[in-house]
Amino acid sequence: MTNSTLLPATDTRLAVADGLLNLLRTTTTEPRPDEQLEALTLAVAADLPVLLWGEPGIGKTAALTQLAASLDLPLTTVIASVHEPSDFSGLPIVGEDPATQGVPMAPPQWAVELVRAGRGLLFLDELSTATPAVQAALLRVVLERRVGALRLPPGVRIVAAANPRASAADGWELSPPLANRFVHLYWVHDQEVVVRGLGGVWPRAVLPRLDPALLPEAVAFSRRVVCGFLTARPTLIHRLPSTETRRGGAWPSPRSWDAALTLLAFGTAASVSREVLALLVRGAVGDGPGLELLAHLDRMDLPDPETLLADPAAAELPERGDLRQAALEAVVAAVGARPERERWEAGWAVLVRALETGTADLLVAPATALAAVRRDDWEVPATMDRLAGVVGLARQADRSVERVAAAAAAAERAAAGTRR
Amino acid sequence: MEKLLAARLHAVKVRPYLAGALFALHVVEDRSVPTMAVDAHWRCYVSPGFVARTPMEELAGVWVHEVSHLLRDHHGRGERYARQHEEFGPGERSGTGVPPAEGWGRLRRNIAADFEINDDIYGDGLPRPAGAVLPSLLRLPDGLLMEEYLRTASMSGLAADLAWLDCGSGADGQDRPWELGPDGAHGLSRHQQDAVRFRVAEGIKGRPGEAPEGWRRWADEAFQAPQPWRQLLGAAVRSAAGAPGAGENHSYRRPSRRSASVPKVVLPSLRRTPPGVCVVIDTSGSVSDAELGSALLEVAAISRAVGGRRDLVSVISCDAAAGVAVPLCRAENIELVGGGGTDLRSGFARALRSRPRPDVIVALTDGQTPWPSAPPPCRTVVGLFPRPARAADEEDPDYVPDTPPSWARVVTIG
């Protein structure tokens, strides 16, 4: 056998293999809402540096590829761990006469190409496995957008990825000042998505679009939310992470509140769901303050007590029990703040309306509070009769609590008797 | 229905801190439910017959029980446990390989979740129902987590008696035929669930006197998953050892070998400076040998992982006076001498006197010691064995030990 007879045979074998590979790579996509990707898109659109935390191999890079395609930005991936610090801070080149000309810091090729293109998505992968010196150089790229003597144009957006501490090969972690500059998104895989994807159908996320008509309103809204919240909770404006478990994550500071405000405005302009807003806000200021801000948002959704009092018959109360009770308590508080007979009667009418549209046990606390607002010369309104069932329910519950207390006391007496 | 609502009022009255969560549940009447069950979307399915035959005060206990499943995220945790431990044993997998709804693994998870809940929610206004499943049935200790009960006990002895037990997918993460699923009405989204949980946790933390120990612990950990101390200690030691001056890093002390191919360019090279780690061990009587042994092994493993050679890791045992620094050759050979009172200051002084000077000092202690007044000139990690807050000295009950200083990174061990 000679070489000439071998070659065609290898060729056809490889061709068959290529055919198999082609078949394997032929996959389709289906639309599927993806909250993580929506959150990532908004944060990237808002030009805030994003840090994706995720175990190796769960599709962070795939998500970035899809994001770049949908935002129509060229993707530049730089794997931090295979570079040297000078690749990011610039290579010092000694010229003819350093004393007069200085030593220029030459940027690497990828940076030059990014600047030439004027726009792009820079993905800094494997941040956590690079040496500390490389990370220090990289953070300058992220924060000051400078690579050597070059400045990255505004059209370039930056996303970094890191492995969580538990699975990181070495123990690099973000210091609090650095963590504060990122929006932290935790990337997890969805079992269903992976199984369907390996079966040949990958998800195609519908990415949020900013509605130009909503822009001024979105800015006003998010300013109102954040300022109102921080006025009520001034201690949350700045709180350094104190415990070891909180290190390296998001924490609240004026800088990260500013990021949260921006993200809230972007989310509102894109009309994304509360889930996505929650991911973004918690990623910017941390879990606790983020959740409190969202609770504040929920409370802002509650109907205005004055509107309810003005027209009790048409009152629209929230469906969810805890929110409904909060709305009723706000009504009672509003009556108590300016106690007038008409308002007090309107308050009872709101409670009757609540009884007609929902469960009775929610009314016990507000009804007791409203009854306490009564002045001596106010007569009991006729609508009160309709709330008799609520009083009965409260009595039943009280009797049940008393029965338990009595049984416990009896058991204690019996135990004391045997001891004696 | 009225009885059920009155029972909810009873529950709110005796457990005011759970009110928000109890009211957030949406009640669905369904005759196919065995008793009462919750799903992962915070709906509560109730059998009318069960309500009719159960006394009101017991129903109140059931309300609290079901809402506890949801607050403690048993559906998410049950699902994760099932996936990680391949909880699809022979009893669970049917012929086609699809796990049937009523499986052995599901029941096990439900029982373990009930163990976690039932040991501390009853009493104090809530009578314990006759059929409540308690860890003592299997002679297990109270106060463990669902995952711990699952790991330690087989529960096969209980299965036959408790086959009726069914708290819904909210308790174990497996869907039931009667459930409305994620698209049904009145469900809570994940963010809404988090918000309710958060408010309940804040309520408990705000008035810690009212809630029992179990709930207070839950509130502390609900949004801050406790990280295993091994990982925290590892990260702390590694980041201390990887700091400038030690560990593997780029350095301009010597030109890189890449420089030869790019004339005129000055490149740093990758240098490795193995960090010296000195472990100061509190050998006073208050720290147990088992605690010390496990922590010390951990430190030795971590320092090897960061590239420390064995001869660069030394150990100083320290009670009121410091012993000599012993190089760590084999972890099991270390002789820990001591007992009695503690003064870690002498341990720190001894560590800093040793040559070469360590890059990192790791102190393993229970914290009942005075600390150096100034930060030592190297990075410091404190592994702290937690001790209940109490007056440590009987002769001087006002004595309160100092907390570890702010310049050290503190990892709570155990």
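Below, chain A is the first sequence line, B the second, and so on; all start at residue 1.
- Annotation: the span from B/Phe198 atom CZ to A/Asp287 atom CG amounts to 8.5 Å, rounded to 0.5 Å.
- Only the backbone of B/Leu126 comes within contact range of chain A, with heavy atoms under 4.5 Å apart.
- Closest approach of A/Glu275 to B/Gln192, counting heavy atoms only: OE2-N, 4.4 Å.
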Which pairs of donor and acceptor atoms, one on a side chain in residues 3-10 of chain B, lie under 3.5 Å apart (sequence neighbours left out)?
{"residue": "B/Lys3", "atom": "NZ", "partner": "B/Val51", "partner atom": "O", "Å": "3.0"}
{"residue": "B/Lys3", "atom": "NZ", "partner": "B/Ala52", "partner atom": "O", "Å": "3.3"}
{"residue": "B/Lys3", "atom": "NZ", "partner": "B/Thr54", "partner atom": "O", "Å": "2.6"}
{"residue": "B/Arg8", "atom": "NE", "partner": "A/Asp361", "partner atom": "OD2", "Å": "2.5"}
{"residue": "B/Arg8", "atom": "NH1", "partner": "B/Leu22", "partner atom": "O", "Å": "3.0"}
{"residue": "B/Arg8", "atom": "NH2", "partner": "A/Asp361", "partner atom": "OD1", "Å": "3.4"}
{"residue": "B/Arg8", "atom": "NH2", "partner": "A/Asp361", "partner atom": "OD2", "Å": "3.1"}
{"residue": "B/His10", "atom": "ND1", "partner": "A/Ser400", "partner atom": "OG", "Å": "2.4"}
{"residue": "B/His10", "atom": "NE2", "partner": "B/Gly125", "partner atom": "O", "Å": "3.0"}

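- Annotation: side-chain hydrogen bond (donor to acceptor under 3.5 Å, both in side chains) contacts of A/Ser273 (sequence neighbours excluded): none.
- Within the 4.5 angstrom heavy-atom criterion, atoms from both the backbone and the side chain of A/Glu292 approach chain B.
- Surrounding CD of A/Glu356 are more than 12 heavy atoms belonging to other residues, nucleotides or ligands, all under 6.0 Å away.
- Here A/Arg403 is the residue among A/Arg395, A/Arg324, A/Arg403 with the most heavy-atom pairs under 4.5 Å with chain B.
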**Study point:** Candidate pair B/Val196 and A/Arg320, rule side chain to side chain contact (heavy atoms under 4.5 Å, CB included), full reasoning
**Key:** CA-CA 11 Å; B/Val196 173; A/Arg320 239 174 74 195; 3.4 Å; yes
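- Each of A/Leu393, A/Leu362, A/Leu294 has some count of heavy-atom pairs under 4.5 Å with chain B, and the biggest count is that of A/Leu393.
- Within the 4.5 angstrom heavy-atom criterion, only side-chain atoms of A/Val364, from C-beta onward, approach chain B.
- B/Ala195 and A/Asp298 make their closest contact through CB-OD2, 4.3 Å (heavy atoms, listed as atom of the first residue, atom of the second, distance).
- Only the side chain of A/Ala278 comes within less than 4.5 Å of a heavy atom in chain B; its backbone stays farther off.
- Within the model, atoms CD of B/Glu2 and CD of A/Gln396 stand 5.0 Å from one another, a figure rounded to the nearest 0.5 Å.
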